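Every number for a ligand or one of its atoms is a count from 1 in the order of the listing. Index from 1, following the sequence. Please read these numbers as outputs of a predicted model, since none were measured by experiment.
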Amino acid sequence: MVVPYKHEPFTDFSIEENRRALESAIKQVEAELGKTYPLIIGGERIMTDDKIEVVNPADKKEVIGYVAKANQDLAEKAHRIADETFSWWRKTKASFRADILFRAAAIVRRRKHEFTAHLVKEGGKPWKEADADTAEAIDFMEFYARQMLDIDKGVEINSRPIENNRFHYIPLGVGVVISPWNFLFAIMCGTTTAAMVSGNTVLLKPASSTPIIAYKMMEVLEEAGLPAGVINYIPGSGKEVGDYLVDHPRTRFISFTGSREVGTRIFERAAKVHEGQKWLKRTIIEMGGKDTIIVDKDSDLELAADAITYSAFGFSGQKCSACSRVVAHEAVYDELLDRVVQKTKNEVSHGNPADNRSYMGPVIDQGAYDKILNYIEIGKKEGKLMAGGKGDDSKGWFIEPTVFADLDPDSTIMQEEIFGPVLGFMKASSFDEALEIANNTDYGLTGAVITNNRQHIEKAREDFHVGNLYFNRGCTAAIVGYHPFGGFNMSGTDSKAGGPDYLYHHMQGKTTSEML
Ligand SMILES: NC(=O)c1ccc[n+]([C@@H]2O[C@H](COP(=O)([O-])OP(=O)(O)OC[C@H]3O[C@@H](n4cnc5c(N)ncnc54)[C@H](O)[C@@H]3O)[C@@H](O)[C@H]2O)c1
Ligand SMILES: N[C@@H](CCC=O)C(=O)O
């Protein structure tokens with residue numbers, strides 16, 4: 001019997017011992033910067049001439065490492081090996097696969113600060129955010145291992161005196177896992193290990209800005225006993241390797257987390273049946289958000305201002321769950337706006353994330369920096385700039401936490417995902433109107449309502465159309481097993497990472513019936 005699941009506690013960095021432990025882990029990571037990492041295909045380390053240079057977004061000159069880059073030939077080799085490995089891996093016991101995850105989670109837990117320090121450097125994450133990312137990776141492994149053991153117990157169906165019937169789940173085949181850079185450890189690890197523990201083999205293509213943490217996860221899984229060929233590590237160009245693997249006739253499913261642009265492209269390509277393909281590909285596609293916090297007339301405004309500030313500027317707003325829109329009742333609009341602007345100016349410090357005093361670090365790269373600043377320019381025309389608005393890319397990609405007021409719900413910056421530290425305020429004259437505004441985007445990922453009105457809570461529960469809706473708190477920071485995570489509409493397939501049915505997306509049900 002395994003102990004019941006409990007989420008990994010976050011580290012309290014106000015405790016001197018913890019602070020010192022992370023400081024020393026950061027020094028250790030700094031001492032190891034600049035290494036070269038190979039691909040891992042069928043357990044074999046393969047170096048390529050072409051490499052991805054991975055830099056610290058807080059300091060562009062600091063190279064975190066160089067990573068071998070897969071091309072289509074290597075992707076083909078990895079696919080063949082994953083396919084061959086599936087022929088026996090699919091028959092392994094669920095407990096064998098789950099035990100690998102329990103062990104891997106224990107290894108990461110023992111070396112937690114080392115992983116967190118790496119996330120500070122590779123992802124530009126402030127301490128608190130990096131620590132939460134590591135904790136979530138541990139949670140995913142612990143949670144999915146238990147879920148697989150439960151699924152393995154089977155499901156009762158009816159038999160009759162003349163026949164014996166059974167129903168159980170079997171894996172799908174070779175899965176392509178494509179992960180984003182923002183939860184560089186947690187989402188990459190959760191999507192990969194979910195596919196693996198349910199009996200599939202995997203081709204892992206991590207984001208090109210953050211592939212090193214995925215290599216480190218591979219080392220941990222190998223140490224925990226993962227056989228060669230089950231997960232194949234093949235970083236590479238999204239367009240070249242990504243399209244090739246998505247189109248491949250032997251790909252059985254694709255688990256993608258990332259932007260709407262790429263997600264819809266994959267959805268479309270995966271629908272095409274290629275020559276030699278014997279199945280309809282399954283897709284698990286989780287995309288962006290344009291997430292709203294509604295603040296009601298009767299509400300705790302200090303709580304609202306705290307919730308908004310953290311949800312908007314935690315990890316520089318680079319979360320699919322980040323609050324980028326506030327809809328406030330006209331009776332509290334001015335006071336709420338003032339409180340959020342003051343907090344943003346006085347409490348949201350931004351700087352090197354390796355320094356624990358930084359609330360916010362950089363944004364991930366030049367592309368993101370340019371795109372966000374472009375949205376800020378649009379925002380200056382569409383609304384009233386209340387805080388921030390400037391960037392500095394001389395050393396790393398830093399953008400001030402930015403607040404706009406008096407926006408039209410249909411304005412560009414209230415409709416498009418910016419994925420940066422930019423927050424907009426809109427006014428509503430009633431709770432019904434606030435809900436209408438909150439729902440008027442193509443997305444449907446997270447949302448929150450700050451209110452003391454019980455009827456309004458119930459109304460929002462029914463009518464606020466998002467996958468993760470929170471009351472009297474912010475709209476980020478879902479915890480595995482507590483807040484199953486995934487969105488509606490253009491936010492994705494609502495597969496609910498860390499939820500009770502997540503692994504079923506990676507499996508198919510099989511009925512057997514024996515005449516007696
Ligand atoms: N819904 C969620 O759970 C969730 C979680 C995290 C991030 N996101 C979203 O992810 C986005 C940010 O991440 P990103 O910038 O890494 O997204 P992205 O779509 O640019 O990249 C995601 C992954 O797709 C790969 N890719 C790019 N082109 C490809 C192609 N043609 N075929 C296959 N793969 C390809 C990239 O290399 C990367 O590994 C935001 O929109 C954010 O909201 C969503
Ligand atoms: N699960 C995370 C968001 C993941 C996407 O970026 C949260 O709830 O904040």
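Checked against the 6.0 Å centroid criterion, the rings of F404 and F425 do not qualify as a close aromatic pair. You'll find the ring centres of Y502 and Y144 inside the 6.0 Å limit.
At least one N or O atom of A477, backbone or side chain, sits closer than 3.5 Å to an N or O atom of ligand 2. Considering both main-chain and side-chain atoms, S321 comes within under 3.5 Å of ligand 2 through a nitrogen or oxygen pair.
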### Task
Evaluate the criterion salt bridge (charged side-chain N to carboxylate O under 4.0 Å, His left out) for residue pair D442 and R260; output intermediate values, then yes/no.
CA-CA 10 Å; D442 291 347; R260 171 179 175 173; 3.2 Å; yes

### Task
Kindly indicate, with the supporting measurements, whether the criterion salt bridge (charged side-chain N to carboxylate O under 4.0 Å, His left out) is fulfilled by E142 and R146.
CA-CA 6 Å; E142 294 277 2; R146 284 173 178 77; 2.8 Å; yes

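Checked against ring pair (Phe, Tyr, Trp, His ring centres under 6.0 Å), F183 has no partners two or more places apart in sequence or in another chain.
Put simply, the residue from H79, Q277, H274 that forms a side chain to side chain donor-acceptor pair (under 3.5 Å) with T251 is H79.
A cation-pi arrangement is found for K125 relative to F315, the charged atom lying closer than 6.0 Å to the ring centre and inside a 45° cone about the ring normal.
Regarding atom 8 (O) of ligand 2, its nearest protein heavy-atom neighbour is A478 N, 2.8 Å. Of the protein's heavy atoms, C320 SG, 3.2 Å lies nearest to atom 4 (C) of ligand 2.
We find the OG-CD1 distance between S495 and I285 to be 10.0 Å, quoted to the nearest 0.5 Å.
Residue-level proximity to ligand 2 for N182 is carried by the side chain, the only part with a heavy atom below 4.0 angstrom.
Closer than 4.0 angstrom to ligand 1 sit non-hydrogen atoms from I178, S179, P180, W181, N182, I187, K205, P206, A207, G238, K239, G242, D243, F256, T257, G258, S259, V262, R265, I266, E286, M287, G288, C320, E417, F419, L445, F485.
For ligand 2, the atoms lying closer than 4.0 Å to a non-hydrogen atom of T476 are 8 (O), 9 (O).
At least one side-chain heavy atom of H113 sits less than 4.5 Å from a side-chain heavy atom of T11.
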